[in-house]
Amino acid sequence: MAAYTTLRVSRAPDEPSVAHVELARPSKRNAMNRDFFDELAAAFAALGADASTRCIVLSAEGPAFSAGLDLAELARHEPGVDAARTALGLRARVLALQRAFGALERCPQPVLALAHGACIGGAVDLLCCADVRWCAADAHFCVKEVELGLAADLGTLQRLPGLVGSRSLACELAYSARPMGAAEAAACGFVSRVLPTRAQLLDAGFALAARIAAMPPVAVAGSKLALLYSRDHPAVADGLEQVATWNGAALQTADLSEAAAALRERRAGRYARL
Ligand SMILES: CC/C=C\C=C\CC(=O)SCCNC(=O)CCNC(=O)[C@H](O)C(C)(C)COP(=O)(O)OP(=O)(O)OC[C@H]1O[C@@H](n2cnc3c(N)ncnc32)[C@H](O)[C@@H]1OP(=O)(O)O
């Protein structure tokens, strides 16, 4: 496993096909600095390309999941550089940060985010990119950007309305920076499970990850692709077309006969790496 300064990447103790990515700068409440964005992109690109990884758990060390953007690194403008060049540079930087978070969505394995404590600004952008979000009862989520004088630009405004099922609620949270607690996050669907404590959250999260990792991997990867495709191409007919094309290839997998045999014989399936 590569060594990072803001992240720790390891394997689940009893399940080597489950990778664990932890935000690991708790003294700064996992504030997101330049190194963090670079390391997150590198870690998810590496895990995404690793055929032995079947599910990825994302969690954080310390009292907060993340305080969002490292405020010590807020954009500074170079004096004497003209506005257009500054704008092009800032645009390129924002796009690079968006790509770093997008690495969670792009990797073929499901990403299960386990949030606790404060999840502020960039933390909400990051969580929006996970496939499954669970949290501890102490979690609170805040689209803080507007209070700092900027429109969120790392994906919250694009993904949150679909995740909370209410454009009105997404607008309310984005315009007011009102924190949303765990119970409200569960009620609106932003998280799909709340566990009383962080220890219980991790236990339950790793159990789910192990279950996902035991599933036929071609089917899991195909399901992730189809769900994302249908989010971005909401016409049912387009999604059906995409999944038919995918299954034209995927139905030829050896996983299918192995899965049927495993079900018949009441044993765990044995599947090749992706
Ligand atoms: C191109 C733009 C792209 C992305 C934009 C994203 C925008 C955002 O993310 S907006 C959100 C910005 N974040 C905040 O406003 C949160 C600020 N922090 C807090 O509110 C609190 O720290 C807390 C997260 C609620 C945690 O509180 P507590 O547990 O009491 O810890 P503290 O004593 O406040 O902090 C401990 C330590 O961490 C440092 N720190 C906290 N947050 C940040 C941060 N966002 N950036 C940098 N550093 C942070 C804090 O300064 C303390 O450091 P010391 O060295 O111990 O003083």
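As the structure lists them, so they are numbered: ligands from 1, and atoms in each ligand from 1.
- Considering backbone and side-chain atoms together, A118 places no N or O closer than 3.5 Å to any N or O of ligand 1.
- Among protein heavy atoms, the minimum distance from atom 45 (N) of ligand 1 is reached at L69 O, 3.0 Å.
- The closest side-chain heavy-atom distance from R11 to V18 is not below 4.5 Å.
- For atom 50 (C) of ligand 1, the nearest protein heavy atom lies 4.0 Å away or farther.
- Using a 4.5 Å heavy-atom cutoff, the side chains of F206 and H20 are in contact.
- Against a heavy-atom cut-off of under 4.0 Å, D70 is close to the following atoms of ligand 1: 46 (N), 47 (C).
- For atom 9 (O) of ligand 1, a protein heavy-atom neighbour is found at a distance under 4.0 Å.
- Summary of contacts: the protein heavy atom closest to atom 48 (N) of ligand 1 is A31 CB, 4.1 Å.
- When L71, L97, D125, L154 are ranked by how near their heavy atoms come to atom 46 (N) of ligand 1, first place goes to L71.
- Listed by atom number, the atoms of ligand 1 under 4.0 Å from K144 heavy atoms are 11 (C), 15 (O).
- A cation-pi geometry, defined here as NZ or CZ lying under 6.0 Å from the six-membered ring centre and within 45° of its normal, holds between R133 and F190.
- Each of R34, R25, K28 was evaluated against D70; a single residue qualifies, R25, per the salt bridge (charged side-chain N to carboxylate O under 4.0 Å, His left out) test.
- F141 is listed as a side-chain neighbour of V191, based on a closest heavy-atom distance under 4.5 Å.
- Here R167 does not pair with E172 in a salt bridge; the nearest charged N to carboxylate O distance is not below 4.0 Å.
- Distances between N or O atoms of K28 and those of ligand 1 include at least one value under 3.5 Å.
- L23 has its side chain within reach of L58: a pair of non-hydrogen atoms, C-beta onward, lies under 4.5 Å apart.
- Not a single protein heavy atom sits closer than 4.0 Å to atom 34 (O) of ligand 1.
- Distance remark: protein heavy atom present below 4.0 angstrom from atom 24 (C) of ligand 1.
- In terms of polar-atom proximity, G68 is not counted as a contact of ligand 1, lacking any N or O under 3.5 Å from an N or O of the ligand.
- Checked by atom type and distance alone, the side chain of D131 pairs as donor or acceptor with a backbone atom of V111 at under 3.5 Å.
- Taking a distance limit of 4.0 Å, we find that atom 21 (C) of ligand 1 is approached by no protein heavy atom.
- Distance from atom 19 (C) of ligand 1 to its nearest protein heavy atom, with residue and atom name: I120 CD1, 4.5 Å.
- Each of the atoms 10 (S), 11 (C), 12 (C) of ligand 1 lies under 4.0 Å from some heavy atom of L148.
- The distance from ligand 1 to the heavy atoms of S27 drops below 4.0 Å at these ligand atoms: 36 (C), 37 (C), 38 (O).
- Close N/O approach between A67 and ligand 1 is found [any backbone or side-chain N/O within under 3.5 Å].
- Between E105 and R99 there is no salt bridge, since no side-chain nitrogen of the basic residue lies less than 4.0 Å from a carboxylate oxygen of the acidic one.
- Of the candidates M32, R29, Q98, R25, it is R29 that places a heavy atom closest to atom 29 (O) of ligand 1.
- Which parts of ligand 1 touch G122 is read off a 4.0 Å heavy-atom cut-off, strictly below it: atoms 8 (C), 9 (O).
- The protein reaches atom 55 (O) of ligand 1 closely, with a heavy atom under 4.0 angstrom from it.
- In this structure, atom 7 (C) of ligand 1 lies nearest to the protein heavy atom E145 CG, 3.5 Å.
- Remark: side-chain polar atoms of E39 are paired, donor with acceptor, to backbone N or O of T6 under 3.5 angstrom.
- Between Y4 and F36, the distance from one ring center to the other does not fall under 6.0 angstrom.
- For the residue pair Q242 / T245, no side-chain donor-acceptor distance below 3.5 Å is found, with atom types taken as modelled.
- Taking a cut-off of under 4.0 Å to the non-hydrogen atoms of D153, the atoms of ligand 1 that pass are 1 (C), 2 (C), 3 (C), 4 (C).
- For the pair R29 (side chain) and P26 (backbone), a donor-acceptor distance under 3.5 Å is present.
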